[in-house]
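Presented below is the structure to which this report refers.
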Amino acid sequence: MTDKFISIEGIARRYPGADGGQISVFEDLWLSMPRGEFGCVIGHSGCGKTTVLNILAGLDEPSEGAVIVDGQAIEGTSLDRAVIFQSHALLPWRTVLGNVSYAVTSKWRKWDRAKVKAHAQKFIDLVGLTGSEHKRPSELSGGMKQRVGIARALSITPKIMLMDEPFSALDALTRGTLQDEVRRICLETGQTAFMITHDVDEAIYLADKIFLMTNGPGAVLAEIVENPLPKDRARIDLHRHPLYYALRNHIVDFLVSRSKTFAATVINHDPRNVPIVRPGLSEPTIVASPKMIETSPAQTIAR
Amino acid sequence: MTSSLRLRAAIVSIALFAAFLGIWHIATRGTGTVANMTPEYAKLMGLTATAGKSAMPGPLDVGAKLWEHLKSPFYDNGPNDKGLGIQLGFSIARVGLGYFLAVIVAIPLGFLIGMSPLFSKALDPFIQVLKPISPLAWMPLALYTIKDSSISAIFVIFICSVWPMLLNTSFGVAAVRKEWINVARTLEVGTIRRAFTVILPAAAPTILTGMRISIGIAWLVIVAAEMLVGGTGIGYFVWNEWNNLSITNVIIAILLIGIVGMLLDQILARFTRMVTFPE
């Protein structure tokens with residue numbers, strides 16, 4: 001864990017409560033990812049997943065802590081971090097080409113029209129929308145709209161791609177094909193990606209690391225699950241892999257029961273040293289265990 | 001299906017219009033009592049007294065007079081006798097100028113209010129107080145300060161068209177979807193470029209709706225304003241013809257005010273359709 005391309009360092013997000021106090025969505029959250037990895041956050045609604053992503057995108061600010069990307073603390077939004085929105089957020093008065101071009105001209109102000117068009121076209125082709133360049137979003141299906149969203153995000157060649165439940169509004173078939181597309185593109189380009197999802201299978205298929213968050217308010221990152229499935233996994237026969245059910249059951253178990261009881265049952269949870277779990281054929285094994293025994297109140301304060 | 005509906009609607013419209021003309025014609029036929037009088041006195045009294053003709057002109061009188069006006073709309077026989085085209089031209093020019101000034105003021109100010117919560121709150125009390133004031137109430141103040149009746153009328157048009165545009169612009173700007181703003185933010189689009197490339201197109205339908213309401217109000221107000229300031233314009237024409245007791249001309253003026261108002265509204269409706277985007 002030496003390469004920390006993305007490093008979320010002790011961030012917290014609090015909102016003013018109704019009684020004048022503060023409601024904490026999450027506290028002291030630490031999370032890091034190396035370059036080229038695909039990370040997925042899974043948790044129930046209200047655990048602050050979207051807030052984490054918005055903070056990473058620069059759309060929201062943490063009440064405490066910092067986020068470091070590629071050696072620099074982030075400040076506001078950046079063209080280095082592209083966001084694929086859940087609601088695709090296309091500008092309805094622009095065509096497909098217009099929407100992608102808008103992003104391209106935002107990144108490269110001095111490019112002439114032809115260069116912008118050629119660059120945008122390349123990414124429209126990449127997501128398989130060749131021929132629909134001059135359609136408006138209202139003429140596209142949900143899946144096609146999200147393809148435009150992906151093309152727009154990729155067209156600015158970001159360091160990180162941030163996705164907030166990008167496929168949750170799509171039907172199962174479309175979702176599957178788009179997952180294939182995203183995985184293909186990320187593998188081909190070595191794109192670092194961070195995604196929020198509700199869908200366990202989506203996380204298993206796409207992610208190298210799955211971050212499990214407990215229920216909010218006061219949510220914590222409970223554990224990091226390393227995906228044991230081979231890199232060349234295919235969506236078609238994913239469920240035939242011997243480790244698939246071990247992994248899936250582990251995550252589902254967490255979502256069904258442990259996400260609720262985690263705070264009460266695990267007392268010595270150290271947010272800076274979250275256990276990394278790699279589900280195997282038998283019981284899940286903890287590959288990097290936190291220094292649970294030494295954790296004392298003094299240490300907690302020092303942190 | 002739709003074409004047959006339109007056809008049937010047109011038939012009903014024409015039938016209603018014909019019925020209206022028929023009733024009007026019958027109601028204004030000469031049926032009044034004829035008083036006995038000397039020929040000299042009868043000359044002074046006119047047809048209403050001698051032939052029992054209704055003082056209200058019938059559709060045929062109005063049609064004949066209208067034809068007369070349409071034949072020479074731009075004649076000018078001195079201050080009290082100008083063609084209807086000239087009078088309407090003056091009114092449209094005043095409305096156009098006052099409305100144009102209102103657009104220049106209301107749309108940038110609406111953007112400011114919509115984009116800045118500070119200005120929104122700070123300017124709100126002024127807008128709340130100024131908005132319900134009848135535009136004609138400004139007239140004496142305008143006449144006193146500007147000392148020119150024609151410019152005062154333009155000012156009155158300005159003040160009445162500014163509010164709907166201002167409110168609609170600020171509402172449209174403030175109600176732009178958060179996700180579109182976020183797209184611009186993640187693409188590091190600056191405030192000015194964001195205002196023109198995201199907020200303006202997103203708020204354009206609302207802004208144009210405000211402009212459409214404004215042109216309607218401006219056209220309502222110009223008639224009253226010109227009755228007050230006098231001199232030229234369709235409003236002055238109506239009042240002048242009332243003083244001349246020419247009900248025929250008053251009816252013609254009413255008809256033309258309606259038609260011009262409809263055309264102005266249609267023009268703005270077309271612009272609104274141009275900027276409306278399907279979602």
Side-chain angles (χ1 to χ4, degrees), chain A residues 50 53-61 74-95 98-109 120 135-140 142 145 148-149 152-164 166 169, chain B residues 103 107-108 110-111 114-118 120-121 165 168-212 268-279:
Chain A
T50 300
L53 186 116
N54 283 345
I55 289 171
L56 255 176
L59 292 169
D60 203 345
E61 277 175 22
I74 65 162
E75 214 167 287
T77 56
S78 162
L79 283 159
D80 289 340
R81 284 165 273 130
V83 183
I84 298 175
F85 296 89
Q86 182 178 8
S87 54
H88 59 76
L90 299 180
L91 306 178
W93 54 88
R94 283 173 178 267
T95 59
N99 267 286
V100 181
S101 298
Y102 185 63
V104 176
T105 44
S106 299
K107 173 124 188 182
W108 296 282
R109 298 281 166 80
K135 285 186 180 155
R136 286 182 195 275
S138 57
E139 299 167 82
L140 301 177
K145 282 181 198 163
V148 182
R152 177 173 66 184
L154 289 169
S155 70
I156 57 171
T157 56
K159 287 180 183 169
I160 306 171
M161 205 153 73
L162 301 168
M163 291 173 268
D164 184 5
Chain B
V103 170
I107 289 176
F111 259 77
M115 287 174 89
S116 151
L118 172 73
S120 166
K121 278 208 170 12
M165 278 192 249
N168 264 50
T169 305
S170 61
F171 172 75
V173 167
V176 173
R177 288 239 212 114
K178 193 90 171 72
E179 57 190 55
W180 296 336
I181 304 283
N182 279 347
V183 167
R185 284 178 66 198
T186 56
L187 293 173
E188 290 190 67
V189 174
T191 316
I192 301 291
R193 186 161 178 256
R194 194 196 304 172
F196 279 103
T197 57
V198 177
I199 297 173
L200 184 63
T206 324
I207 296 173
L208 259 295
T209 306
M211 290 174 71
R212 194 175 166 190
L268 265 295
R270 172 152 298 184
F271 284 139
T272 311
R273 272 200 299 278
M274 273 164 61
V275 298
T276 303
F277 47 83
E279 284 198 48

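Note that these values count all heavy atoms, side chains included, but never hydrogens, waters or copies made by symmetry. Naming convention: chains lettered A, B, ... in sequence-line order (proteins, then strands); numbering from 1 in each chain. What you see is a predicted model, and the numbers here were worked out from it, not measured in a lab.
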Which donor-acceptor pairs lie under 3.5 Å between chain B and chain A?
| from | atom 1 | to | atom 2 | distance (Å) |
| --- | --- | --- | --- | --- |
| B:Glu179 | OE1 | A:Ser87 | OG | 3.0 |
| B:Trp180 | NE1 | A:Leu90 | O | 3.1 |
| B:Arg185 | O | A:Thr77 | OG1 | 2.5 |
| B:Arg185 | NH2 | A:Leu59 | O | 3.3 |
| B:Glu188 | O | A:Arg109 | NH2 | 3.3 |
| B:Glu188 | OE2 | A:Leu79 | N | 2.7 |
| B:Arg193 | NH1 | A:Ser106 | OG | 3.1 |
| B:Arg193 | NH2 | A:Thr105 | OG1 | 3.3 |
| B:Thr197 | OG1 | A:Tyr102 | OH | 2.6 |

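B:Val275 does not touch chain A: none of its heavy atoms, backbone or side chain, sits under 4.5 Å away. Using a 4.5 Å cut-off between heavy atoms, A:Leu90 contacts chain B through its backbone alone, with no side-chain atom that close. Residue B:Ala204: no heavy atom, backbone or side chain, is found under 4.5 Å from chain A. Proximity to chain B involves both the backbone and the side chain of A:Leu59, based on heavy atoms less than 4.5 angstrom apart.
By the 6.0 Å contact criterion, CZ on B:Phe277 is enclosed, its count of non-hydrogen atoms from other residues, nucleotides or ligands being greater than 12.
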